[in-house]
Structure formats: C-alpha cells, structure tokens
Amino acid sequence: MPNQSILLSMKHITKTFPGVKALDDVSLDVKEREIHALVGENGAGKSTLMKVLSGVYPYGTYDGDIFLEGKRCAFSNIKQSEQAGIVIIHQELALSPYLSIAENMFIGDERARFNIINWDKTREDALKYMERVGLHENPNTPVNKLGVGKQQMVEIAKALAKNAKLLILDEPTSALNEKDSEHLLEILKELRDTSDISSVLISHKLNEVASVADSVTILRDGRTIETLEVKRIPGENASISEDRIIKGMVGREITEMFPKRSNPIGDVLFEVQEWTVYNPDNPEKKKLDDVNIKVRAGEVVGLAGLVGAGRTELAMSVFGRAYGDAISGHTLIDGEEVDISTIPKAISHGVAYVPEDRKELGLVLIQNVKENTTIAKLRKIAKLSVINEHEENVVAEDFCKRLNTKTPTILQTTGNLSGGNQQKVVLSKWLFSDPRVLILDEPTRGIDVGAKHEIYTIINSLAAQGMACILISSEMPEIIGMSDRIYVMSEGRITAELPGRTTTQEEIMRNILNN
Amino acid sequence: MSGLIAILKKNVRQYMMVIALAVAMVAFGILTDGIFFRPVNLTNLVLQNSYVLILAVGMLLCTLTGNVDLSVGSIVCFIGALCGVMMVDLQWNPYVAMLLALLVGALIGMWQGFWIAFVNVPPFIATLAGMLVFRGLGQVIMKGQTKAPFPKEFQLISSGYIPDPFGGLSIGALHFHVFTLLIGLLIVALIIFGEIQKRKKQKKYDFDMLPAGIWLAKVVFIATVLVAFTVVFAVYKGFPNILILLGILVIGYQFVASKTIQGRHIYALGGNRKAAELSGVKVKWVMFWIYTNMAILAAVAAMVFTARLNSATPKAGQNFEMDAIAACYVGGSAVSGGVGSIIGAVVGGLFIGVLNNGMSIIGISTDWQQAIKGFVLLAAVAFDLYSKSRSSKIA
Ligand SMILES: Nc1ncnc2c1ncn2[C@@H]1O[C@H](COP(=O)(O)OP(=O)(O)OP(=O)(O)O)[C@@H](O)[C@H]1O
Ligand SMILES: [Mg+2]
C-alpha cells in the first residue's frame with residue numbers, strides 16, 4: 001500500500017490534570033485505510049489521547065493541534081467530532097438496554113419526517129448497516145437480549161450509520177470471548193478494505209494487535225515512544241512480534257510472561273461441596289448444578305469456561321451468597337464446615353472476591369485510593385470504631401508501593417485512575433482484608449502486559465504465603481500458565497479437572513464442548 | 001500559583017458556601033443598619049433555625065445515600081402532639097415525657113427503616129407514606145386543638161441560656177457572661193489546634209496544601225469571626241441552651257461521619273452501593289440506622305420547636321422536611337449520593353436562615369422569601385454541577 005495519505009494527524013498534544021501530566025507532547029499520524037493500534041501501559045494516556053481527539057476534552061483544554069484530512073479541527077464536543085467523521089466507541093458500551101437494535105442505532109439521528117419516526121425506514125437502514133458488520137439479528141431485538149459481542153457490533157454499526165471515516169475503539173475486545181474478538185477484528189479489516197474506514201485500536205491484548213495492526217504507536221508515561229510500521233507483503237504473514245511491542249511498552253524485556261512458582265502445596269484449605277444455585281431471574285432454572293471444588297493451601301486453581309458458564313456466579317454465590325437463589329451445598333475451610341452466608345461473614349473467615357467488573361462492583365469511583373483500600377476491613381485500623389487516619393495513610397501508601405500502583409497521591413479519586421491502576425486498588429482492598437482464600441475474577445482484564453506480569457507475580461507470592469487462590473479467566477494462556485489445576489466449567493457444571501501448565505488450549509476447549 | 005488555583009477549584013464548593021454566607025451576613029448587616037448583628041437578633045437567628053439545623057444534620061446522612069426523608073415535618077407534628085398530651089393533658093414529669101418522646105421517635109424511625117432497608121421500599125415512597133401517616137396521627141391525637149402551656153422545665157430547652165457560675169463581669173456599661181466567653185475561647189483554641197494538627201499531617205503526606213499565608217489568613221478569619229460572635233452573645237444573655245445542644249450535635253455527627261467506621265460505610269454506600277455491599281458493608285443495616293437516626297433527630301427538633309412556641313399545634317413542622325433537604329443540597333450534597341458533609345449542611349441551613357432572617361428585617365414578605373429560597377437552591381445545585389463538569393470529566 002504505497003503512498004497512503006495521512007487521514008489524521010495529532011501534533012504535540014499536551015494535556016494536564018491536576019497533579020498529572022497525562023499527555024506530554026504526543027503526536028500521532030493515522031493513514032487512510034489502516035488499522036492503527038495504540039498500545040501502552042495502564043495510565044500511559046491512551047484513553048486521554050482519544051478523548052482529546054473526539055472532543056470529550058474540548059478544544060482549549062489541551063495544547064497542540066489536530067488535523068483531519070489536512071484540515072485543522074477544534075472540536076468542542078463529541079457531536080462535532082462525529083460530524084467530522086470521528087466516532088469513538090468507549091469500553092463501557094453506551095447503548096440503551098431496553099431499546100431495540102434499530103432504535104439504538106439511530107439515537108440522536110432518527111429516521112424521521114416532521115418529527116415522526118419512520119419505522120420502516122429505520123429498520124431498513126438498520127438492516128443495511130447490520131449486514132455490513134455481520135450482525136444477523138432482528139433489528140427489533142432489545143439490545144439487552146444480545147451478548148456483549150453482538151452489542152459491540154451494534155456499536156460499530158451505529159458508528160457506520162454516522163458515516164465514520166475513523167473509528168476509535170477503546171479496548172473493544174476486553175470483555176469479549178475469543179470468537180467474538182476475532183469476529184470484531186475481521187470486521188475492522190473488512191471496513192478498512194472495502195469502505196476505506198481507518199480505525200484506531202486501543203488494546204492490551206498484544207496478540208490481536210500483532211495480528212491485525214498495520215502500524216502500532218507506543219505510548220509510555222504520556223509520551224510517544226515510537227511508531228512501528230508493518231510491511232505486509234501479499235501472501236506472507238509478516239507482522240510485528242509481540243515481544244517487540246512489549247519491549248517498547250515497558251522499556252525492558254519480559255522473559256517469562258507467567259513467572260514460575262515453586263512453593264510447596266499444602267492440605268486442602270477451601271472446599272465447596274454439592275453447590276447448587278438457582279437463577280434469581282428465573283427461579284426454575286439451575287445456574288449451578290452440584291459443583292464440587294477443592295483448593296489447597298498455596299495452590300492456584302483455574303476455572304476455565306466460556307462466558308456464561310457460571311464461573312462468576314459460582315464465585316459470587318460462594319462469597320456471602322452475593323448471587324443466586326435457593327443455594328444449597330457446603331463450604332469448608334480446613335476441613336470444617338463454615339458459615340460464609342453473608343459477605344461480612346465470608347470476609348471474617350478470610351474469603352475475598354475480586355470482582356470482574358471493577359468499576360461497578362470493585363470500587364467506589366468517587367472515593368479516593370485510600371478509602372477504597374481500607375473499606376473491607378476498617379476495624380483493623382480503628383479503635384472503638386474511630387479510624388486511625390495515620391495508620392490508614394500508612395496502609396494505603398504501603399499497598400501503592402507493594403503493588404506499584406501509579407497514582408499522584410493516595411488521595412486521588414479512583415475514578416481518575418487508569419484501568420490497571422484501578423485494578424491494583426481493588427486488589428489492595430482484598431489483600432488488606434487478610435484473605436486465606438482469594439477468588440480472582442478476570443483479574444487482568446484491560447491490564448497492560450507489564451502490570452499483568454506484576455499481578456501474576458503478586459498471585460505467586462500470595463500462593464507462596466499459603467493462600468488458596470481461585471483464578472477465573474477467559475484467557476486460556478493465562479489460565480494454563482498460572483494454574484496448578486484447572487476445573488473446566490460448562491453450563492453450570494464442572495465437566496473436567498485438568499492439570500495446569502501442561503494442558504493445552506485444545507484440551508480445555510474439547511472439555512468445554514464435550515458437554 | 002496554579003497549584004493554589006487548582007486547590008481552590010477542587011474545594012470551590014466549600015469555600016463558595018462559606019463566602020456566600022459571610023457576604024450575605026455582611027450585606028444584611030449593612031442593609032439593616034446593623035440591626036442584623038444585634039445580640040438579640042443573632043440569638044433569634046439561632047433559635048429560629050435550630051430545628052431546621054437539627055433536621056439537616058440527620059437529613060445529610062439520608063442525602064449521602066442518595067435519598068431524602070420526607071416524613072420529618074410530620075414527625076415533628078406527631079411528637080409535638082405527643083408531648084402535648086403527656087405534659088399538658090396528663091401533666092407527666094417533663095423529663096420522663098421527653099425521654100418517652102425520644103423513644104417514640106426511635107420507634108417511628110425503626111418502622112420506616114424496616115420498610116426501607118428490609119422490604120426495599122424506596123425511601124422516597126416509605127417516607128412519603130410516613131409524611132401522611134404521622135401528620136394524620138398527630139392531628140388525630142390533638143383533635144384539632146392546640147395544646148399549651150408547657151411546663152417551665154420544658155420551655156427552657158429553647159428559651160433558656162446557659163448559667164454563669166462566675167457571676168458575670170462588668171466593664172464599663174457592658175456586662176459580660178463569663179462562662180460564654182470561656183466556652184467560646186476554648187472552642188476557638190480547639191479549632192486552631194485542630195487546624196495545626198491537620199496541617200502537620202498534610203505536610204507529612206505532601207497532599208494539596210494551602211500556601212502558608214492563605215492558611216494562616218483562613219485560620220485567623222475563622223478565629224476572629226468566632227470570637228466576635230462569642231462576644232456578641234456574651235454581652236447579651238450568654239449562649240442559648242439550644243446553641244450548645246446544636247453545637248454538640250453538629251460536632252458529634254461530624255465526627256461520626258468523618259472519622260468512624262460507620263461514617264465511612266455511609267459514604268461508601270452512597271458512592272456505590274453494590275461495591276460497598278461486596279466489600280462487606282451491611283448496607284441494609286446502614287440504611288435502617290440512618291432512617292432511625294433521622295426520626296430520633298426529628299423528635300429532638302419537635303421538642304425544640306414545641307418548647308419555643310410553648311404550644312403543640314396541628315400545623316407544626318409543615319415544610320420542615322423541605323427546608324432540611326434544601327439545607328443539605330445548598331450545603332454541597334450531591335443528588336446522586338456519596339458527597340456532602342455535616343458542616344456543609346449546617347452552613348447551607350444557616351445560609352437559608354440568614355436569608356430568611358435578613359429579608360424579614362428588611363421587610364420582604366414571606367411569599368417573596370419563599371421564592372428567593374427556591375432560586376438559591378436551584379442556583380447552588382446548578383453551580384455545583386457546573387463546577388463539577390468543568391473540573392473533572394470522568395467520561
Ligand atoms: N479526569 C482525570 N483527572 C485526573 N487524572 C486523570 C483523569 N483522567 C485520566 N487521568 C490520569 O491520566 C493518566 C492517563 O490516563 P488514561 O486513562 O489516558 O490511561 P490509559 O492509557 O487509557 O490507561 P488504561 O490502559 O489503564 O486504560 C493516568 O495517570 C490517569 O490517572
Ligand atoms: Mg484507557
């Protein structure tokens with residue numbers, strides 16, 4: 001593809017927040033017909049750069065210039081950037097759950113005459129765009145009836161309906177399973193080749209970046225480190241190697257993604273027996289059916305399965321019955337039955353659950369790092385209910401240091417932290433609660449490689465201290481690389497128990513599908 | 001300098017309200033040729049607003065959870081009626097009656113808290129029901145009559161002044177209430193001490209700090225104002241009892257809200273209920289106690305109000321809930337919950353009280369006062385949202 005002209009050029013962008021220079025003289029060029037990946041550690045400034053581009057941070061609140069097709073842009077809101085052809089799809093989907101696909105697609109741009117919506121045209125147009133993203137559904141389906149993968153497609157179709165020239169996707173695949181992710185990436189390629197739409201793809205999944213990106217820009221600490229170009233030769237599968245990207249991102253080489261663990265494994269510490277749970281939305285239906293699992297002290301046990309297999313439900317129902325109806329079964333610690341039927345009881349028995357959705361369930365986003373760190377066991381730092389502020393500060397500082405959380409101070413509002421650092425705060429909270437059994441639900445979702453590696457190291461050190469860890473993850477390599485043993489779940493049942501590390505992805509898949 | 005601006009911006013809401021309050025007071029002082037600052041008027045200001053401030057303290061906790069309590073005005077009426085029956089009709093010992101009134105307040109709160117916390121009735125609905133129920137019951141008890149007069153001991157809650165064991169001090173024509181002076185100075189000393197401690201701590205952790213000069217100016221300003229008010233009260237009859245009660249409540253609740261586990265749990269629940277629950281906060285019980293506490297404070301307010309009027313009437317407490325809610329939001333509570341402070345609510349309540357009082361002295365009719373209060377509420381909340389959307393965009 002010689003002589004591609006530049007579609008978008010961002011020059012010398014600098015953006016500061018109180019106490020943080022999020023972007024420092026960053027430049028980015030996106031060519032026509034290309035998929036441009038934007039990678040970098042958590043907090044590197046990727047989302048901020050895209051928010052600057054799309055007018056979320058209006059012109060005047062940052063320094064530098066933006067040119068689209070050679071024309072200077074000064075967007076003061078999202079609407080203006082959309083009119084210019086830049087459409088951003090945030091990680092948190094912005095669809096209205098009870099409206100249909102077609103309605104969602106044309107929100108704010110209704111197919112109407114004299115203010116009366118033309119439903120036939122709405123559906124017809126919707127179908128047209130849905131076709132382009134390979135979404136074969138009835139346009140009247142409410143979007144909450146679709147899986148995340150399909151909702152993501154609705155978002156893209158919606159972007160197409162706005163005549164996007166440049167799509168910005170902020171971690172679009174972090175909540176998708178492998179199949180949906182692949183589909184999404186295929187669609188991006190197709191849009192590039194057939195409709196001349198470029199995209200900027202922010203992702204922490206470097207394997208997908210390596211496989212689809214035409215060029216990769218690496219940010220670190222608010223600065224552009226480099227832009228790597230891929231020379232794709234027809235017929236050959238040239239691409240940028242993952243290791244090369246990682247090196248640029250973290251400034252060093254990570255030799256072993258999954259650090260080795262060599263601690264001895266003790267006796268059975270935590271056990272769940274005959275665990276049956278009914279679906280609270282549909283009380284006839286079993287969500288979990290006679291689940292039995294064991295975790296030994298110092299062991300990391302993986303729970304593998306597809307989205308919807310019931311892994312999160314298992315974790316949450318065990319953790320103080322935070323999910324589910326008509327729960328029956330037994331929970332044992334050190335071989336003795338324990339009552340962990342409420343969350344406070346679970347916590348005081350040393351069970352901790354790091355939830356999947358850190359923004360909704362993990363953090364109080366309007367509170368600061370310190371308050372979020374200590375909330376689960378305040379009495380540890382309180383006397384007669386009065387919190388010892390000094391001790392609290394020390395604890396919070398200490399966790400920031402131990403987990404290498406990047407925050408200007410422990411008084412920073414967690415809503416202002418980048419995703420990976422938010423996750424570290426959630427982890428701090430649960431480590432502060434002195435757990436013996438730690439359940440981690442997708443702990444590395446949306447987290448950069450460097451931080452992932454750090455989190456794996458943390459998990460290892462916890463195991464080495466004799467903690468029993470349960471790891472739920474949709475990323476097969478992670479489950480395989482980190483677990484001593486793997487339970488495979490499918491439709492609410494445990495369908496297999498496999499050894500960790502030596503198992504292959506194919507074997508896990510086979511056990512999932514066999515059911 | 002830019003650091004200073006950033007700090008001010010971050011706390012713009014707090015400073016704005018205090019500044020607005022100061023400006024309003026000075027303005028009324030000028031407009032009323034100083035009548036506003038006369039000891040008797042300031043004493044009146046406290047008496048007139050005490051019950052709303054007491055309610056605002058409890059209401060703040062409700063607004064922290066993102067809710068309100070609509071029933072407090074009616075509870076004031078109901079408890080007032082009950083006090084009337086016990087003290088006027090039955091002539092019971094006033095102290096026993098007061099204790100019983102508090103107890104009934106607690107029961108009412110538990111009743112409402114039960115529906116809210118354990119049956120998941122939205123607080124708006126549960127307390128709307130309470131508003132109807134207790135207004136109705138209050139009127140049933142009173143059978144349309146007014147109950148008066150109340151025993152002396154009871155009236156003293158609102159009309160009494162703290163005693164002066166030192167017997168007073170005369171300098172020239174002025175007679176000072178010594179105990180009042182002492183309490184005032186003690187409080188000022190405590191505040192200065194607290195500020196210094198806070199600053200030391202800040203230094204250690206290197207958080208946003210006000211530049212030393214400005215910090216000093218702030219402390220000196222607060223101290224001067226407090227000393228001035230103390231002197232004003234001291235030359236009149238000393239601190240009213242009610243001011244002491246109010247002071248204890250405000251300091252106590254501020255302490256609980258900002259320094260204890262319970263307070264932290266309330267803020268966490270208000271900020272993100274699900275996350276708080278998953279962190280082991282007993283959200284149901286927290287809700288239960290917040291609404292129980294609100295009704296107890298409503299009972300206190302009822303006694304203060306009844307004692308001040310020296311009568312219980314069927315219309316007592318009307319719209320008190322609205323004044324208390326307005327105080328919280330003017331004082332910086334976020335409608336979505338999780339943000340706000342007791343001090344803020346009190347400043348908000350005082351601001352509204354000062355407006356009322358000042359406008360009354362100037363001779364603005366109560367109808368206009370009503371309308372102006374409405375605009376103030378709207379302006380305060382709109383300003384809040386505006387400054388928030390400017391300073392931190394969490395997209
Ligand atoms: N509204 C805000 N106020 C203050 N600081 C902010 C705000 N938004 C972002 N930041 C800070 O700016 C830096 C860049 O954040 P940004 O969200 O762009 O990172 P990111 O590269 O998208 O990270 P991630 O991969 O974790 O999503 C971080 O240090 C973050 O804490
Ligand atoms: Mg981001």
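Numbers restart at 1 for each chain; the letters A, B, ... are given by sequence-line order, proteins then strands. Quantities reported herein were computed from a predicted structural model and do not represent experimental measurements.
The choice from B:Arg273, B:Gln262, B:Lys259, B:Glu277 that makes the most heavy-atom pairs within less than 4.5 Å of chain A is B:Lys259. Among the candidates A:Ile381, A:Ile387, A:Ile343, the residue making the largest number of heavy-atom pairs closer than 4.5 Å to chain B is A:Ile387. Ranked by heavy-atom pairs under 4.5 Å with chain B, the list A:Leu363, A:Asn388, A:Val364, A:Val426 is led by A:Val364.
Only the side chain of B:Val281 comes within contact range of chain A, with at least one heavy atom under 4.5 Å from a heavy atom of that chain. For A:Ile375, the parts lying near chain B are the backbone and the side chain together; criterion is any non-hydrogen pair under 4.5 Å. Contacts between B:Lys282 and chain A at a heavy-atom distance below 4.5 Å involve the side chain alone, from C-beta outward. Using a 4.5 Å cut-off between heavy atoms, A:Gln367 contacts chain B through its side chain alone, with no backbone atom that close. With a 4.5 angstrom heavy-atom cutoff, B:Phe255 touches chain A only via side-chain atoms. Contacts of A:Thr374 with chain B are made by side-chain atoms alone, with heavy-atom separations under 4.5 Å and no backbone atom involved.
Judged purely by atom type and a 3.5 angstrom limit, A:Thr373 has no side-chain atom pairing as donor or acceptor with the backbone of A:Phe399.
Relative orientation of the A:Phe319 and A:Tyr353 rings is tilted, given thresholds of 30° and 60° on the angle between their planes.
When the shell of 6.0 Å around NZ of A:Lys345 is examined, it contains more than 12 heavy atoms from other residues, nucleotides or ligands.
Taking the charged nitrogens against the carboxylate oxygens, A:Lys79 and A:Glu82 have no contact shorter than 4.0 Å, which rules out a salt bridge. Note on A:Glu392 versus B:Arg264: salt bridge recorded, some NZ/NE/NH1/NH2 to OD/OE distance being below 4.0 Å.
By the 6.0 Å and 45° rule, B:Lys284 does not stack over the aromatic ring of B:Phe118.
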Practice prompt. Applying salt bridge (charged side-chain N to carboxylate O under 4.0 Å, His left out), run through A:Asp434 and A:Lys380 and close with a yes or a no.
Written response: CA-CA 10 Å; A:Asp434 299 324; A:Lys380 249 173 82 180; 3.2 Å; yes

